Amino acid sequence: MKKLDIKNYQKEKGQFVNANGAEFTVKPVIAQEDVSTLHANFVEVEPGHFAYGYHWHERNEEVFYIISGTAAVQTKDKEITLHAGDAITFPTGPEGAHVIRNASDKEKLVYLDFGSEHLPEICHFPQINKMLVVRQNGLTFYDEPAK
């Protein structure tokens, strides 16, 4: 981060993402060009949708803090229901695999997604057999190498 800043998820404009079945809106708390060691985004997910897809990170730890709504988080071992005020942590590696979806029929899910920012980063999406390589100058999806 390069400066002190205040953001409110209700006032920020976001970027709508529709990829690999996921539909959500990302509202940066820290502008991408100012990210150095920590990322933070407000994420909004409409009823019936999920964000990002089931994945795990090689280098970056992540935390979700639920602001409003009800979340269903699928982990490696089980599905966990979270409500406003709850936080969940995801370690690196396959043990930290996760996807978050809106578990409500009516209410928007809003959460704060923050964590470490070490680049380059590789995110694995085992359900679609893809990996995402994130670099300073962008990101690229690849097919997972055969095992």
Side-chain angles (χ1 to χ4, degrees), residues 1-9 11-46 48-82 84-103 108-147:
M1 286 177 280
K2 296 181 180 174
K3 63 182 185 231
L4 184 121
D5 203 1
I6 297 171
K7 300 281 176 87
N8 182 296
Y9 78 90
K11 296 177 183 175
E12 295 301 313
K13 293 192 187 227
Q15 177 183 0
F16 179 72
V17 177
N18 182 346
N20 297 315
E23 288 187 17
F24 56 101
T25 300
V26 177
K27 298 178 174 184
V29 175
I30 303 169
Q32 188 59 45
E33 61 271 12
D34 292 341
V35 170
S36 57
T37 59
L38 171 78
H39 75 266
N41 297 298
F42 297 118
V43 181
E44 298 178 344
V45 184
E46 295 294 336
H49 295 283
F50 64 92
Y52 297 104
Y54 185 76
H55 68 285
W56 57 271
H57 300 265
E58 286 194 9
R59 299 188 66 201
N60 291 311
E61 299 164 320
E62 202 168 18
V63 177
F64 294 167
Y65 174 78
I66 308 304
I67 296 170
S68 65
T70 302
V73 178
Q74 181 63 52
T75 68
K76 180 178 173 268
D77 299 318
K78 61 185 173 183
E79 184 171 274
I80 301 165
T81 301
L82 302 173
D86 290 337
I88 187 169
T89 61
F90 304 103
T92 60
E95 293 299 315
H98 60 278
V99 64
I100 188 169
R101 71 176 171 81
N102 187 334
K108 183 187 303 184
L109 169 64
V110 180
Y111 67 97
L112 177 61
D113 172 354
F114 61 100
S116 57
E117 187 72 14
H118 303 291
L119 297 179
E121 164 69 302
I122 298 175
C123 297
H124 296 268
F125 292 79
Q127 293 177 332
I128 60 171
N129 204 32
K130 300 275 186 192
M131 64 184 196
L132 176 67
V133 178
V134 183
R135 298 174 300 282
Q136 197 73 23
N137 60 347
L139 47 93
T140 308
F141 265 106
Y142 296 95
D143 290 331
E144 281 279 5
K147 295 182 182 186

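These numbers were taken from a predicted model, which means no experiment stands behind them.
- For Ala72, the side chain to side chain contact (heavy atoms under 4.5 Å, CB included) partners at least two apart in sequence or on another chain are Glu79, Arg101, Ala103.
- Within the 4.5 Å cutoff, side-chain heavy atoms of Leu132 are placed close to those of Val134.
- When the side chain to side chain contact (heavy atoms under 4.5 Å, CB included) test is applied to Lys78, the partners found at least two apart in sequence or on another chain are Thr75, Ile80.
- Using a 4.5 Å heavy-atom cutoff, the side chains of Phe90 and Val73 are in contact.
- The minimum heavy-atom distance between Asp34 and Lys2, with the atom names listed, is OD1-CD, 3.4 Å.
- Tyr111 and Ile100 get closest at one heavy-atom pair: OH-CG2, 3.3 Å.
- The nearest pair of heavy atoms linking Val45 to Ala51 is CG2-CB, 4.0 Å.
- Residue Ile122 holds its CD1 atom at 13.0 Å from CG of Leu139, rounded to the nearest 0.5 Å.
- Scanning all heavy atoms of the two residues, the minimum distance from Gly115 to Leu38 falls at O-CD1, 3.2 Å.
- Within the structure, salt bridge (charged side-chain N to carboxylate O under 4.0 Å, His left out) contacts touching residues 63-72 (residues at least two apart or in different chains) do not occur.
- Pairs engaging residues 130-140 under the salt bridge (charged side-chain N to carboxylate O under 4.0 Å, His left out) rule: Lys130-Asp143 [sequence neighbours left out].
- A 4.5 Å side-chain heavy-atom check between Leu82 and Phe64 finds every atom pair outside the cut-off.
- Residues satisfying the side chain to side chain contact (heavy atoms under 4.5 Å, CB included) test with Gln32, not counting sequence neighbours, are Val35, Glu117.
- To the nearest 0.5 Å, atom CZ of residue Phe141 and atom CE of residue Met131 are 11.0 Å apart.
- In this structure, the side chains of Ile66 and Leu109 come closer than 4.5 Å at one or more pairs of heavy atoms.
- For the pair Asn129 and Glu144, the minimum side-chain heavy-atom distance is below 4.5 Å.
- Sorted by first and then second residue, the side-chain hydrogen bond (donor to acceptor under 3.5 Å, both in side chains) pairs with a member in residues 56-74 read His55-His57, His57-Glu62, His57-Glu121, Glu58-His124, Asn60-Ser116, Asn60-Glu121, Glu62-His98; sequence neighbours excluded.
- Remark: Lys76 pairs with Glu95 by the side-chain hydrogen bond (donor to acceptor under 3.5 Å, both in side chains) rule, at least two apart or across chains.
- Among residues two or more places apart in sequence or in another chain, the side-chain hydrogen bond (donor to acceptor under 3.5 Å, both in side chains) test is passed with Thr81 by none.
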Could you tabulate the donor-acceptor pairs under 3.5 Å formed by side-chain atoms of residues 14-29, not counting sequence neighbours?
{"from": "Lys27", "atom 1": "NZ", "to": "Tyr9", "atom 2": "O", "distance (Å)": "2.8"}
{"from": "Lys27", "atom 1": "NZ", "to": "Glu12", "atom 2": "O", "distance (Å)": "3.2"}
{"from": "Lys27", "atom 1": "NZ", "to": "Glu44", "atom 2": "OE2", "distance (Å)": "2.9"}

